[in-house]
Amino acid sequence: FFSVEPTTCIATGYAVMDNSDATYKYKVVPAGELPDVAQVNGVGCATFAAAVNAANSSAADCEIKLIADCATSEISINNANGKVVTLNLNGCTLTASGSVIFESDGVIEGGSGKIEETGNVPAVLVKNGQVTINGGTYNSKYSYGTIRGLNTGADITLNNVTATNATGAVLNTGNTGSGDAATIVVNSGSYTCSGAGIALRARSGEITVKGGTFVGSLYARGGSIKVEGGFFGKGTNGYILDATYHNMVLTGGYFADELTWNGGAYTFANGYELAPSTEYTGYSYHVQPVASVSAIAPWKLGSSFQSNL
């Protein structure tokens, strides 16, 4: 029994597990005595790594279902047979010192579960494949995204996700990799940056926002951001929009303040403009079709905003 988790000198065939004692928090047991923390299509696995290994070799679509809180280092979900792997957090917390990586098609059924990233890396990193994340909470302090897609074929869809970042961007596309540009489509959820003030960072590729609530600026730095809906508040840097290196296309969205910006071009799609709104408390402006706007203040049409796509 140990008060500090032993990380070396563990004999072959033995493993460390939590011990329900306030003083001696860990114990070493034969590996065969470890309780299951996950199941792959109903078959128990003592570690998350064992579950991923089993899923990666599955000849059919499969599900990794957590049945207890557990931990992992960096690990890659990459089915060798091109099958879809679903990670069902099942209300549990996966504490990760490295990213949970997808290199093939997959789904995360987050529900009330959580991936808590303790290293300086994304909580979820998609290198390749179509990955849909439904629900769940994802936390990280990595500068380039709590959830990140690379330009090697990553296509990410987010539904009712709660994601936070303590120091950098919450969502990020691109930055490394060459090939198919990364895409992220946000349908709903909550995305908050408490650090650098960036909610969305499109280093390359494209982020499309259809819905969701965002605290932090939208930063198009080489990539594209399309805003079709959603609710947006200022980040700690004071900007809602930051397109220093590229542009954004706006056809919708509710904004807590005027569209404060930092360089770049902000383009309303043809037939859309910014107008005052009283529909939702805390959001004073709305991008909407020109035909539905009774009056637009002249300053809304300044040189920083272009009327045509």
Side-chain angles (χ1 to χ4, degrees), residues 137-138 145-148 156-173 183-203 205-221 223-269 272-290 292-293 296-297 299-302 304-306 309:
T137 298
Y138 308 85
T146 299
I147 299 173
R148 183 184 183 193
I156 305 170
T157 301
L158 303 176
N159 302 309
N160 199 31
V161 164
T162 299
T164 67
N165 194 296
T167 61
V170 183
L171 306 180
N172 182 39
T173 56
T183 67
I184 295 178
V185 176
V186 184
N187 291 317
S188 55
S190 175
Y191 307 86
T192 302
C193 178
S194 57
I198 301 172
L200 309 181
R201 183 180 191 270
R203 179 63 179 84
E206 182 175 280
I207 299 176
T208 300
V209 179
K210 298 177 181 291
T213 302
F214 303 83
V215 177
S217 61
L218 312 187
Y219 186 27
R221 191 183 188 277
S224 298
I225 295 179
K226 296 182 178 180
V227 177
E228 300 175 3
F231 297 83
F232 302 88
K234 286 183 178 180
T236 56
N237 59 12
Y239 301 122
I240 290 179
L241 305 179
D242 189 336
T244 306
Y245 299 92
H246 212 62
N247 67 347
M248 301 182 192
V249 179
L250 309 176
T251 59
Y254 291 86
F255 299 87
D257 204 343
E258 300 167 12
L259 295 183
T260 51
W261 64 88
N262 180 35
Y266 304 98
T267 304
F268 294 115
Y272 288 83
E273 299 289 357
L274 182 71
S277 174
T278 58
E279 290 182 71
Y280 298 97
T281 301
Y283 297 93
S284 301
Y285 297 91
H286 182 207
V287 175
Q288 58 190 24
V290 172
S292 67
V293 181
I296 303 173
W299 60 265
K300 304 291 186 184
L301 308 176
S304 294
F305 299 93
Q306 304 170 21
L309 186 59

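By the 30° and 60° cut-offs, the orientation of the rings of Tyr283 relative to Phe231 is perpendicular. Using bins of under 30°, 30° to 60° and over 60° for the plane-to-plane angle, the ring pair Phe214/Phe232 lands in the parallel bin.
At a threshold of 4.5 Å between non-hydrogen side-chain atoms, the residues Thr183 and Thr208 do not count as touching. Side-chain contact between Leu200 and Val209 is present, with heavy atoms from C-beta onward closer than 4.5 Å. No side-chain heavy atom of Glu206 sits under 4.5 Å from any side-chain heavy atom of Thr173. Within the 4.5 Å cutoff, no side-chain heavy atoms of Ile207 are placed close to those of Leu218. Residues Val170 and Tyr138 form no side-chain contact, since every pair of their non-hydrogen atoms from C-beta on lies 4.5 Å or further apart. The closest side-chain heavy-atom distance from Pro289 to Tyr272 is below 4.5 Å. No side-chain heavy atom of Ile225 sits less than 4.5 Å from a side-chain heavy atom of Tyr219.
Residues Asn187 and Lys210 approach most closely at OD1-CD, 3.2 Å, considering heavy atoms. Taking all atoms of both residues into account, the shortest heavy-atom contact from Gly223 to Ala220 is O-CB, 3.7 Å. When all heavy atoms of Lys234 and Asp257 are compared, the pair lying nearest together is NZ-OD2, 3.1 Å. When all heavy atoms of Gly233 and Ala256 are compared, the pair lying nearest together is CA-CB, 4.0 Å.
With Ile147 as the fixed residue, the side-chain contact (heavy atoms from CB on, under 4.5 Å) test singles out one of Leu171, Asn172, Val186: Leu171.
One finds the OG1 atom of Thr278 at 11.5 Å from the NE2 atom of His286 (value rounded to the nearest 0.5 Å). To the nearest 0.5 Å, atom CG of residue Leu274 and atom CD of residue Gln288 are 8.5 Å apart. Going from atom OH of Tyr280 over to atom OG1 of Thr213 covers 10.5 Å, rounded to the nearest 0.5 Å. The OG atom of Ser224 sits 10.0 Å away from the CE atom of Met248 when rounded to the nearest 0.5 Å. In this structure, the separation between CG on Asn160 and OG1 on Thr162 is 6.5 Å, given to the nearest 0.5 Å.
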